[in-house]
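Accompanying notes for the structure given below.
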Amino acid sequence: MTFHQVDHPLLVIPGSIEVSDDVLFANASPSQSHMSKGFTETFGNSIKMFRQVLVTERGQPIITAGSGTLGWDMIACNLTEPGDEVLVLHSGYFGQSFADCFEAYGVKVTQLKASVGQCPSREELSEALKSKKYKIVTVTHVDTSTGVLSDPRMVTDVVREVSTDTLVALDGVCSVGSEEIRMDEWSLDIVMCASQKGLGVPPGLCLVCVSERAIHAVETRKSKINSYFASWLNWLPVMRGYEQGKPVYFATPPVQLICALHTSLKAITSRPIEERWTKHKQASTDFKEFITNELGLKQVPNDSSIAANGMTAIYFPDGISASDIIPRLLEQGIIVAGGLHKDIKDKYFRVGHMGISVTDTTTRHDLEKVKEAIRNAFKAAGYVNPNTKTTAN
């Protein structure tokens with residue numbers, strides 16, 4: 001049976017993203033028992049393939065129903081206890097939200113905040129770690145509100161130099177599947193993400209991968225975990241069981257979403273993961289050159305070296321606002337995202353370029369459609385590129 005999804009506007013926000021016909025069809029798979037042999041194999045293989053995406057042999061995946069936000073709760077409730085100190089590296093909206101989550105569990109949070117368009121420096125991180133003992137350092141790999149790309153390798157290097165017992169947690173919600181991540185090599189203790197961005201699956205799955213150090217920290221904590229559903233002590237036997245072909249019950253998994261994840265991961269891991277990272281980087285470079293060179297627009301990240309490969313955050317030029325551009329894009333069948341960061345909320349918009357919009361250049365040509373629509377929208381709004389003194393065309 002050949003399945004094709006219905007025509008619809010092209011979704012190029014920084015998540016959720018477009019999904020392939022095969023993934024969407026898998027998401028509509030018939031009902032089956034979550035304890036059946038077939039599903040056990042599907043779930044077990046998904047756990048194994050997720051390791052490949054993160055380039056880890058030792059990490060333990062935990063895949064549950066939920067959004068990326070659940071990943072914050074899991075990290076906070078499993079790895080911290082009331083009164084613990086946590087350092088949150090803040091490069092936008094989601095650093096603040098991660099800090100709020102920790103505080104809900106009675107954790108003392110210090111935020112190392114960067115100005116809009118930047119991320120904390122190596123020197124700032126080193127100084128912060130020398131001032132206090134932290135249980136965890138968190139880093140948002142790509143903050144979706146700004147499009148800023150942080151460097152997890154730098155973070156783990158500094159932590160290992162200055163505070164060897166501190167765990168490093170990577171919020172990879174907007175980076176897993178589109179940015180380079182090497183969990184073992186970079187000594188990351190936790191990587192968390194969700195299904196609806198770089199992995200190219202409908203929303204509804206929270207995916208976390210936990211190092212041996214982090215599991216030991218959970219198993220030897222002094223106080224009881226202050227959550228039932230989010231407790232890794234409840235989920236670890238389940239994940240290990242499914243991977244071994246012996247299903248274990250704690251809570252019913254979202255069977256159809258796991259089937260969709262399996263289909264997507266099978267496609268992703270059919271090629272070396274480095275090829276996927278390269279395609280995202282090439283697409284990002286091409287799109288950003290279009291924004292900067294052809295249109296003369298400024299991006300939110302202050303430097304190209306800290307600009308994400310899975311999205312672009314673009315300032316509106318003087319005299320142009322969201323109401324001039326976003327509705328005109330929608331009229332052309334293109335859905336982008338408005339601003340999110342409170343300090344610049346009305347001054348910019350965001351375009352996602354992840355998953356099949358990047359990897360399938362044979363049949364889809366998504367980014368060419370997006371560029372053409374943006375050209376038309378700015379031209380219709382009367383925008384003139386200051387570098388060429390001609391209207392966008």
Side-chain angles (χ1 to χ4, degrees), residues 23-54 56-81 101 105 169 172-173 176 183 189-196 199 201-221 223-266 269:
V23 169
L24 194 59
F25 186 66
N27 197 47
S29 59
S31 295
Q32 59 180 307
S33 169
H34 54 284
M35 307 294 280
S36 67
K37 181 179 179 180
F39 180 72
T40 298
E41 182 176 343
T42 296
F43 201 176
N45 286 335
S46 297
I47 293 168
K48 294 173 184 175
M49 289 188 290
F50 186 50
R51 279 199 190 91
Q52 293 178 246
V53 173
L54 300 181
T56 178
E57 295 180 359
R58 301 186 297 271
Q60 174 60 61
I62 299 172
I63 303 173
T64 67
S67 69
T69 307
L70 176 61
W72 293 340
D73 272 287
M74 284 189 165
I75 292 169
C77 76
N78 284 282
L79 295 175
T80 64
E81 301 181 55
C101 180
Y105 290 91
V173 169
V176 171
M183 184 174 178
D189 291 296
I190 311 98
V191 179
M192 53 150 284
C193 68
S195 54
Q196 75 272 15
L199 294 178
V201 179
L205 290 176
C206 173
L207 301 93
V208 179
C209 197
V210 190
S211 73
E212 294 168 329
R213 282 204 331 155
I215 291 174
H216 179 72
V218 177
E219 293 175 339
T220 59
R221 59 182 288 135
S223 61
K224 185 177 179 180
I225 295 172
N226 195 25
S227 175
Y228 184 64
F229 181 81
S231 171
W232 289 340
L233 297 182
N234 289 328
W235 284 112
L236 285 169
V238 176
M239 298 301 129
R240 291 165 176 162
Y242 273 99
E243 191 169 3
Q244 294 166 5
K246 301 174 182 177
V248 175
Y249 178 75
F250 167 58
T252 304
V255 172
Q256 280 72 22
L257 275 171
I258 298 296
C259 291
L261 175 68
H262 180 270
T263 299
S264 184
L265 290 177
K266 191 173 181 180
T269 58

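Everything numeric here is computed off the predicted structure, so don't read it as measured data. The figures that follow rest on heavy atoms only: side chains count, while hydrogens, waters and symmetry mates do not.
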- Task: Starting from the C-alpha separation in whole Å, work towards a yes-or-no answer on side-chain contact (heavy atoms from CB on, under 4.5 Å) for S31 and V255.
- Result: CA-CA 8 Å; S31 295; V255 172; over 6 Å; no

- Message: Does I225 form a side-chain contact (heavy atoms from CB on, under 4.5 Å) with V218? I'd like the steps, not just the answer.
- Response: CA-CA 9 Å; I225 295 172; V218 177; 3.9 Å; yes

- Message: Walk me through whether C193 and F50 qualify under side-chain contact (heavy atoms from CB on, under 4.5 Å).
- Response: CA-CA 11 Å; C193 68; F50 186 50; 3.9 Å; yes

- What's the verdict on side-chain contact (heavy atoms from CB on, under 4.5 Å) for S46 and I258, showing C-alpha distance, side-chain angles and the deciding distance? CA-CA 8 Å; S46 297; I258 298 296; 4.2 Å; yes

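Ring geometry, Y249 versus H34: the interplanar angle falls from 30° to 60°, so the pair is classed tilted. The aromatic rings of F43 and Y242 sit tilted relative to each other, their planes meeting at an angle between 30° and 60°.
Atom CD of residue Q60 and atom OG of residue S211 lie 11.0 Å apart, to the nearest 0.5 angstrom. Note that the NE2 atom of H262 and the CE atom of M49 stand 4.0 Å from one another [nearest 0.5 Å]. Atom CD1 of residue I62 and atom CE of residue M192 lie 12.5 Å apart, to the nearest 0.5 angstrom. Note that NZ of K224 is 11.0 Å distant from CG of L233, once rounded to the nearest 0.5 Å. A distance of 7.0 Å separates OG in S231 from CZ in F250, rounded to the nearest 0.5 Å.
No option in N78, L79, V210 other than V210 meets the side chain to side chain contact (heavy atoms under 4.5 Å, CB included) test with I215.
No donor-acceptor pair closer than 3.5 Å links the side chain of D73 to the backbone N or O of C101. Within the 3.5 Å criterion, the main-chain N or O of L199 finds a donor-acceptor partner in the side chain of S264. Using a distance-only test at 3.5 Å, with no hydrogens or angles considered, no donor-acceptor pair links the side chain of W232 to the main chain of I75.
Of all the heavy atoms in I63 and M239, the pair that sits closest is O-CE, 3.3 Å. Taking each heavy atom of V23 and P202 in turn, the nearest pair found is CG1-CD, 3.9 Å. Listed here is the closest heavy atom pair of V248 and V238: O-CG1, 3.5 Å. For A230 against W235, the heavy-atom pair with the smallest separation is C-CD1, 4.5 Å. A pairwise comparison of heavy atoms in N27 and Q256 identifies O-CB, 3.3 Å as the closest pair. The heavy-atom pair separating V201 from L261 by the smallest distance is CG2-CA, 3.8 Å.
With no hydrogens or angles considered, a side-chain donor-acceptor pair links S223 and E81 at under 3.5 Å.
In this view, R213 and D189 satisfy the salt bridge (Lys or Arg N to Asp or Glu O under 4.0 Å) rule, not counting sequence neighbours.
The environment of E41 atom CD is sparse: at most 12 non-hydrogen atoms of other residues, nucleotides or ligands sit within 6.0 angstrom. For N226, the CG atom counts as loosely surrounded, since its 6.0 Å shell holds 12 or fewer non-hydrogen atoms of other residues, nucleotides or ligands.
Annotation: salt bridge (charged side-chain N to carboxylate O under 4.0 Å, His left out) contacts involving residues 227-243, sequence neighbours excluded, comprise R51-E243.
Residues Q196 and L205 form no side-chain contact, since every pair of their non-hydrogen atoms from C-beta on lies 4.5 Å or further apart.
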